[in-house]
Novice: 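Input: one structure, supplied below.
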There are 2 protein chains.
Amino acid sequence: MREFKRKSRILLIDDNADHLRGVKELITLESSYDVVGTTTSANIGINLAKKYRPDIILMDVNMPEKDGLQAIQEIEKLNLDIRVICLSGYDDADLIFRAMKIGAKGYVLKTMASAQLIYAIDEVAAGKIYLPTALTSRFFEYFQHSFKEEANISSEENLLTYLTAREEEVLDLLTQGNNYKGIAGKLFISETTVKTHVNNIFQKLQVNDRTQAVLYALNNGFANKRRAKLAV
Amino acid sequence: MREFKRKSRILLIDDNADHLRGVKELITLESSYDVVGTTTSANIGINLAKKYRPDIILMDVNMPEKDGLQAIQEIEKLNLDIRVICLSGYDDADLIFRAMKIGAKGYVLKTMASAQLIYAIDEVAAGKIYLPTALTSRFFEYFQHSFKEEANISSEENLLTYLTAREEEVLDLLTQGNNYKGIAGKLFISETTVKTHVNNIFQKLQVNDRTQAVLYALNNGFANKRRAKLAV
DNA sequence: TAATTTATCAATCTAAAGATGTAAGACAAA
DNA sequence: TTTGTCTTACATCTTTAGATTGATAAATTA
């Protein structure tokens with residue numbers, strides 16, 4: 001069963017007026033999409049997005065007035081189910097990474113063949129996320145690089161392994177911002193006992209105070225809820 | 001100018017002996033790669049990797065004895081410049097994400113056409129990172145989802161925005177484990193001034209002590225080196 | 001069984017942290 | 001000019017944190 005699909009409506013944002021015209025012409029002539037608006041200003045673009053509710057926005061990410069990435073973030077926050085495809089002159093890995101991170105559904109280079117742009121729009125219009133193969137490879141190199149450093153750091157020697165089970169419990173409560181009294185109350189032991197544990201923790205982690213202990217714990221894989229989601 | 005390239009040497013690790021045989025046959029007959037070893041055990045596989053130094057490992061990620069992902073991590077730690085391609089029966093987004101995170105250079109489903117596997121090996125052998133289009137899309141959905149939650153959390157109301165520039169400097173030094181004296185020394189101001197700033201920070205962040213302030217800062221986007229690399 | 005580790009608790013002391021109030025000079029906005 | 005905010009600074013006081021030493025019972029390991 002094939003459901004009815006209306007033509008996707010597209011908004012173009014690009015500070016280069018020539019390129020803007022070119023893309024509009026391309027889409028109008030070579031595809032079945034509607035260009036519902038064009039602008040050379042990111043700020044105006046955001047307003048047009050609110051007004052026309054396009055299905056897709058082609059956004060230049062290299063604009064002087066306002067950063068394209070910032071514009072994408074603002075649009076994403078509106079939760080209007082608008083899918084943004086980045087247009088960029090550069091295949092900078094960091095740019096690609098940040099764009100995908102904040103929710104871009106595609107990233108296409110201006111230097112790529114026009115057929116590739118149309119294909120990207122087709123894919124994104126169909127609900128997919130699309131990156132050209134070459135950019136995907138660049139993305140993953142950057143992605144893996146950013147995690148490799150983390151791995152190297154924590155593979156030196158993790159002093160946390162020397163902690164006893166009880167000390168880990170105490171440290172866990174420390175990383176939640178508890179003071180001695182709070183920890184004692186939660187573990188049903190005396191405050192002086194907590195002090196003993198905490199002092200032993202300091203010795204083992206080779207730190208001077210609780211803040212440093214907490215920082216060591218967080219930087220060396222002591223899972224605190226949030227980050228655990230991205231942990232292996 | 002085209003440099004000489006010797007045939008890439010491949011090690012196969014898959015606890016399913018039938019599948020192992022099939023893949024070996026495929027590679028031997030349909031490609032120009034050398035299969036230098038096969039094993040159904042992840043642990044033996046790691047030893048074979050050390051011994052034969054293959055260029056590429058095809059690793060099943062769903063094994064009972066030892067998790068394939070764990071095996072990949074151990075191999076990556078050896079720094080032998082071995083490129084690992086995951087073979088999996090499932091297109092589970094979380095699995096794909098974790099595999100790529102720990103350094104897999106490719107991820108191919110067992111259900112995919114054999115030509116696709118050969119193509120993946122070709123790409124990885126050529127130094128690229130390869131994910132089939134369908135899996136790339138899944139990866140990005142997962143990737144974006146994991147960051148969207150972060151964005152939502154910090155979009156409640158970030159008390160950090162109320163801090164003055166100087167207070168941010170002080171907080172930054174706090175998040176590095178400095179005490180009053182350390183901060184005073186680094187900012188060339190008196191210790192009492194630091195106390196004033198710190199107290200104001202506590203007020204604005206609505207916390208009781210420095211540990212809580214540091215935790216608030218870290219959980220609300222206050223960039224400390226490491227994480228800054230992944231921040232927008 | 002003897003030795004070791006772990007978890008518990010206490011007393012004591014010093015140093016550091018935190019609360020509170022006050023205030024002067026710089027600077028920008030109204 | 002006045003108002004307000006920011007940065008700097010000090011004094012005083014209370015509370016908390018941290019270091020050190022010592023001790024006991026239970027559990028583990030040699």
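Letters go in sequence order (proteins before strands), and every chain restarts at 1.
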Novice: Judged by each residue's nearest nucleotide on DNA chain D, which is more toward the 5′ side, A:Lys181 or A:Gln203?
Specialist: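 This one resolves to A:Lys181.
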
Novice: Are A:Phe143 and B:Phe139, when compared by the centres of their aromatic rings, separated by less than 6.0 Å?
Specialist: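 A:Phe143 vs B:Phe139: aromatic centres under 6.0 Å.
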
Novice: Looking only at heavy atoms, which two atoms of A:Tyr180 and A:Val198 are closest? And how far apart?
Specialist: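 Taking every non-hydrogen atom into account, CE2-CG2, 3.7 Å.
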
Novice: Measure the distance from CG on B:Leu174 to C1' on C:dA17 and round it to the nearest whole Å.
Specialist: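 Distance check: B:Leu174 CG to C:dA17 C1' gives 11 Å.
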
Novice: Show the nearest heavy-atom pair for residues A:Leu26 and A:Leu117, with the distance to one decimal.
Specialist: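 Taking A:Leu26 first and A:Leu117 second, the nearest heavy atoms are CD2-CD2, 3.9 Å.
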
Novice: Check the distance between C:dC9's P and A:Phe188's CZ and give it to me in whole angstrom.
Specialist: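 After rounding, the reported distance stands at 12 Å.
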
Novice: Can you check whether A:Asn199 has a side-chain N or O nearer than 4.0 Å to OP1 or OP2 of D:dG18?
Specialist: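 So the side chain of A:Asn199 is outside the cut-off, no N or O lying under 4.0 Å from OP1 or OP2 of D:dG18.
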
Novice: CD of B:Gln206 versus P of C:dA19: gap in Å, rounded?
Specialist: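 Between P of C:dA19 and CD of B:Gln206: 14 Å.
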
Novice: Take the protein atom CG of A:Asn200 and the nucleotide atom C1' of C:dA7, then report the distance between them rounded to whole Å.
Specialist: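 Distance, rounded to whole Å: 10 Å.
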
Novice: Rounded to whole Å, how long is the line connecting atom CG of A:Leu205 with atom C1' of D:dG18?
Specialist: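 Roughly 15 Å, once rounded to whole Å.
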
Novice: Rounded to whole angstrom units, what separation is found between the CD atom of B:Gln212 and the C1' atom of D:dT16?
Specialist: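 Taking atom C1' of D:dT16 as the reference, CD of B:Gln212 is at 13 Å.
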
Novice: Side chain to side chain contact (heavy atoms under 4.5 Å, CB included) with B:Asp172: which of B:Glu169, B:Glu168, B:Gln176?
Specialist: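 So, applying the side chain to side chain contact (heavy atoms under 4.5 Å, CB included) to B:Asp172 and each of B:Glu169, B:Glu168, B:Gln176, only B:Gln176 qualifies.
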
Novice: Within this structure, what is the CZ-to-C1' distance between B:Arg166 and D:dT8, rounded to whole angstrom?
Specialist: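 The distance from CZ of B:Arg166 to C1' of D:dT8 comes to 9 Å, rounded to the nearest Å.
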
Novice: Do any side-chain nitrogens or oxygens of A:Tyr180 fall under 4.0 Å of OP1 or OP2 in D:dT15?
Specialist: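 No, because none of the side-chain N or O atoms of A:Tyr180 sits under 4.0 Å from OP1 or OP2 of D:dT15.
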
Novice: Using the side-chain heavy atoms of B:Arg210, tell me which of these nucleotides is nearest: D:dA19, C:dA7, C:dA17.
Specialist: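 The nucleotide sitting nearest to the side chain is C:dA17.
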
Novice: Using 4.0 Å as the upper bound for N to carboxylate O, is an ion pair formed by B:Arg21 and B:Asp14?
Specialist: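 Between B:Arg21 and B:Asp14 there is no salt bridge, as every charged N stays at least 4.0 Å from the carboxylate O atoms.
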
Novice: So which one's nearest nucleotide on DNA chain C is more toward 5', A:Thr164 or B:Thr211?
Specialist: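 Its nearest nucleotide being more 5', the pick is A:Thr164.
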
Novice: Within residues 189-198 of chain A, find the residues that approach DNA chain C with a heavy atom at under 4.0 Å, and present them sorted by residue number.
Specialist: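 Hits under 4.0 Å, by residue number: A:Ile189, A:Ser190, A:Thr192, A:Thr193, A:Thr196, A:His197.
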
Novice: State whether a side-chain donor-acceptor pair under 3.5 Å links A:Ser41 with A:Thr39.
Specialist: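 Not at all, the side chains of A:Ser41 and A:Thr39 share no donor-acceptor pair under 3.5 Å.
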
Novice: Backbone N or O of A:Gly177 within a donor-acceptor pair of the B:Gln212 side chain at under 3.5 Å?
Specialist: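 Such a contact is found between B:Gln212 side chain and A:Gly177 backbone.
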
Novice: Nearest-Å distance, NZ (A:Lys204) to P (D:dG18)?
Specialist: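 Roughly 18 Å, once rounded to whole Å.
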
